[in-house]
Every structure is written in structure tokens, then in C-alpha cells.
**Student:** 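There's a structure below that I have some questions on.
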Amino acid sequence: LLHAGPTVAAEGTAGQRARWLPPVLRGDEIWCQGFSEPEAGSDLAALRTRAVRDGDTYVVSGQKIWTSHAEVADWCELLVRTDPDAPKHRGISWLAMPMDAPGVTVRPLRTPAGSTEFAEVFLDEVRVPAGNRVGAENDGWRVTMVTLSFERGTAFVGEVVACRRTLDALAAEARRNGRWDDPVLRRRLGRLNAEFRALWRLT
Ligand SMILES: Cc1cc2nc3c(=O)[nH]c(=O)nc-3n(C[C@H](O)[C@H](O)[C@H](O)COP(=O)(O)OP(=O)(O)OC[C@H]3O[C@@H](n4cnc5c(N)ncnc54)[C@H](O)[C@@H]3O)c2cc1C
């Protein structure tokens, strides 16, 4: 809903939109994001996971890390290097990879807090149909910027809504118990309201 879906809506073909979007909207299929690698974090374009074209499929080998919810995902929006000789931002493609494809191994990472939300994903000659590429071959960096724009825009929408609801509840309670007459309290709530409204506009 927050990154793969909007990317497919914006950049996918009619067939890709028809195949992938309805299950996302119904909550029937979950996507994870296979972008980061051990040597490609902030410098994402340094990614090395390789996809070699073999007829109508790509043969993908490499490793991803910090893949949130990989254990439960049905699909992975996967960044791969399709042209190792091109400048690093130009040789990348964006693929939709089924997580149950042979050669995909998910190894959960346990955080200090005990959760296993992240995983490493190992890819050993995974065959991905070329028809699962979103955008043109080697144009994946541009598609990635589309994905990240959606993700940055919507990632915290739930938190903003929760903040606004809590503020409404606080104001209602202050009106109920008589504290609403306190100008200091009203000013503080008003300021928070302005900040949350600004945050909502940015979202
Ligand atoms: C909650 C969470 C969920 C995530 N989920 C996913 C996911 O689902 N899929 C996925 O692919 N990735 C995911 N990530 C990974 C995330 O995108 C990366 O952590 C991020 O890209 C940074 O990479 P890195 O951790 O390797 O840090 P690094 O790139 O090693 O950076 C470490 C520190 O060095 C600084 N730094 C790096 N380069 C420079 C420089 N040139 N100059 C100055 N400072 C620099 C950075 O600002 C940072 O403070 C997730 C991360 C978090 C925190």
C-alpha cells in the first residue's frame, strides 16, 4: 500500500496493474522491499545483486538485508543490476520477485528488542520472468525514486492520524472538565494543532 502498490500504479503496465493491485488492496498479498544490501545502504546505487537475462527470464543472484516483513511477504520489489558496465545509477532494474521462487532463502535477523521484523534475503539463481520488470531495463533508478517518493510521503500517515485523534480527544476532555478556559493550555493545544495540520499537508 505504501511503496510497491503506488509504484505499480504509476509505472506498471495495464497487465501488471490488473495482476498486482487488487490483491494489495484486498490485503491478500504482501510485498516487501529488497533494496538495501550489506554494501549498499545510504549509497543504494552501489547495489550488486546481479540479474542476467536468459530468454524471457532474469537469473538473479545476490543478497539483500534489512528486508522488513520478508518472512510473510508474497512478493518483493527487488532492485538488481542488469548492466554492470553502465554508470552505477544507470544499470539498475526494478523487478517484482515472487518470494516462493526456488533459490530465495529468508534468514530473520533478531533485533536487540527481540523482534524478527527484519531479514536477510539470499538469492541463488532465482528465475524472475522479464514481464515482472516495472519500467524499462536499466531505468530502475528512476523507478526507485518513484517508490521512495511514495514511501517518504505516506510512511507515517498512520502516526499523523493518531496524533490528530489524540489531540481532538484532549481538547474534548479539556472542554468537558473546565480546563478549556485556561489560555495557556489552549495556546499549547492550538500550537500542536497547527503543527499536526502542517505535517498533514506535507504528507
Ligand atoms: C526501520 C527500518 C526498516 C527498514 N526496512 C528496509 C526494507 O524493508 N528494505 C530495505 O531494502 N531496507 C530497509 N531498511 C534499510 C535502510 O534503508 C538502510 O538502513 C539505509 O539505507 C541506511 O543504510 P545502512 O544501514 O547500510 O547505513 P550506512 O549507509 O552504512 O550509513 C551509516 C551511517 O553513516 C552515514 N553515512 C553514510 N554515508 C555517508 C557519507 N558519504 N557521508 C557522511 N555520512 C554518511 C549515514 O548517514 C548513517 O548515519 C530499513 C531500515 C530501517 C531503520
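All values below were derived from every heavy atom in this structure, side-chain atoms included, with hydrogens, water molecules and symmetry-related copies excluded. Atoms within a ligand are numbered from 1 in the order they appear, just like the ligands themselves.
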**Student:** Looking at side-chain heavy atoms only, is the closest gap between Lys64 and Leu79 below 4.5 Å?
**Tutor:** yes
**Student:** Without hydrogens or angle criteria, can the side chains of Thr82 and Asn138 be said to hold a donor-acceptor pair below 3.5 Å?
**Tutor:** yes
**Student:** Which residue from Cys32, Gly41, Ala73, Cys76 reaches closest to atom 26 (O) of ligand 1 through any of its heavy atoms?
**Tutor:** Gly41
**Student:** Please test Glu120 against Gln63 for side chain to side chain donor-acceptor pair (under 3.5 Å), starting from the C-alpha separation and ending with a verdict.
**Tutor:** CA-CA 7 Å; Glu120 293 175 290; Gln63 187 198 339; 3.1 Å; yes
**Student:** Run the numbers for me: atoms of ligand 1, each under 4.0 Å from some heavy atom of Phe35, listed by number.
**Tutor:** 11 (O)
**Student:** If we count only non-hydrogen protein atoms and require a distance under 4.0 Å, does atom 23 (O) of ligand 1 qualify as touching the protein?
**Tutor:** yes
**Student:** What do you think, any protein heavy atom under 4.0 angstrom from atom 53 (C) of ligand 1?
**Tutor:**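 Within 4.0 Å of atom 53 (C) of ligand 1, no protein heavy atoms are found.
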**Student:** For atom 37 (C) of ligand 1, is there a protein heavy atom at a distance under 4.0 Å?
**Tutor:**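 Given the 4.0 Å limit, the answer for atom 37 (C) of ligand 1 is yes, a protein heavy atom qualifies.
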**Student:** Would you say Thr67 has any N or O atom under 3.5 Å from an N or O of ligand 1, going by distance alone?
**Tutor:** no
**Student:** Please determine if Arg142 and Glu11 form a salt bridge, counting it only when a charged side-chain N lies under 4.0 Å from a carboxylate O.
**Tutor:** yes
**Student:** Among protein heavy atoms, which lies nearest atom 5 (N) of ligand 1, and at what distance?
**Tutor:** Ser68 OG, 2.8 Å
**Student:** To the nearest 0.1 Å, how far is atom 9 (N) of ligand 1 from its closest protein heavy atom, and which atom is that?
**Tutor:**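 The protein heavy atom lying closest is Gln33 O, 2.7 Å.
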**Student:** Hey, is atom 3 (C) of ligand 1 under 4.0 Å from any protein heavy atom?
**Tutor:** yes
**Student:** Checking Arg50 side chain against Val60 main chain: does a donor-acceptor pair fall under 3.5 Å?
**Tutor:** no
**Student:** Within 45° of the six-membered ring axis of Phe196 and under 6.0 Å from that ring's centre, is NZ or CZ of Arg164 located there?
**Tutor:**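 Judged by the rule (NZ or CZ under 6.0 Å from the ring centre, within 45° of its axis), Arg164 is not positioned above Phe196.
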**Student:** If you scan the protein for heavy atoms around atom 7 (C) of ligand 1, do you find one that is closer than 4.0 Å?
**Tutor:** yes
**Student:** So which heavy atom in the protein is nearest atom 1 (C) of ligand 1, and how far is it from that ligand atom?
**Tutor:** Phe118 CZ, 3.8 Å
**Student:** How about atom 40 (C) of ligand 1: does it have a protein heavy atom within less than 4.0 Å?
**Tutor:** no
**Student:** Can you measure from CE (Met97) to CG (Asp74) and round to the nearest 0.5 angstrom?
**Tutor:**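 Met97 CE to Asp74 CG: 12.0 Å, rounded to 0.5 Å.
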**Student:** Could you find the nearest protein heavy atom to atom 30 (O) of ligand 1 and give me its residue, atom name and distance?
**Tutor:** Ser42 OG, 5.0 Å
**Student:** Would Trp31 and Trp20 count as a close aromatic pair, with their ring centres under 6.0 Å?
**Tutor:**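 Yes; Trp20 has its ring centre under 6.0 Å from that of Trp31.
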**Student:** Side chain to side chain donor-acceptor pair (under 3.5 Å) between Thr111 and Glu117: does it pass, once the steps are laid out?
**Tutor:** CA-CA 8 Å; Thr111 67; Glu117 170 190 331; over 6 Å; no
**Student:** May I ask you to say whether Asp54 pairs ionically with Arg127, meaning some side-chain N is under 4.0 Å from a carboxylate O?
**Tutor:** yes
**Student:** Does the protein come close to atom 14 (N) of ligand 1 - that is, does one of its heavy atoms sit below 4.0 Å from that atom?
**Tutor:**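 For atom 14 (N) of ligand 1 the answer is yes, since some protein heavy atom falls inside 4.0 Å.
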**Student:** Given side chains that start at C-beta, do those of Leu44 and Thr144 come closer than 4.5 Å, heavy atoms only?
**Tutor:** yes
**Student:** Any nitrogen or oxygen of Trp66 lying under 3.5 Å from a nitrogen or oxygen in ligand 1? Just yes or no.
**Tutor:** yes
**Student:** What protein heavy atom sits nearest atom 16 (C) of ligand 1, and how far off is it?
**Tutor:** Ser36 OG, 3.7 Å
**Student:** Would you confirm whether any non-hydrogen atom of the protein falls under 4.0 Å from atom 46 (C) of ligand 1?
**Tutor:**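 Neighbour list for atom 46 (C) of ligand 1 includes protein heavy atoms (cut-off 4.0 Å).
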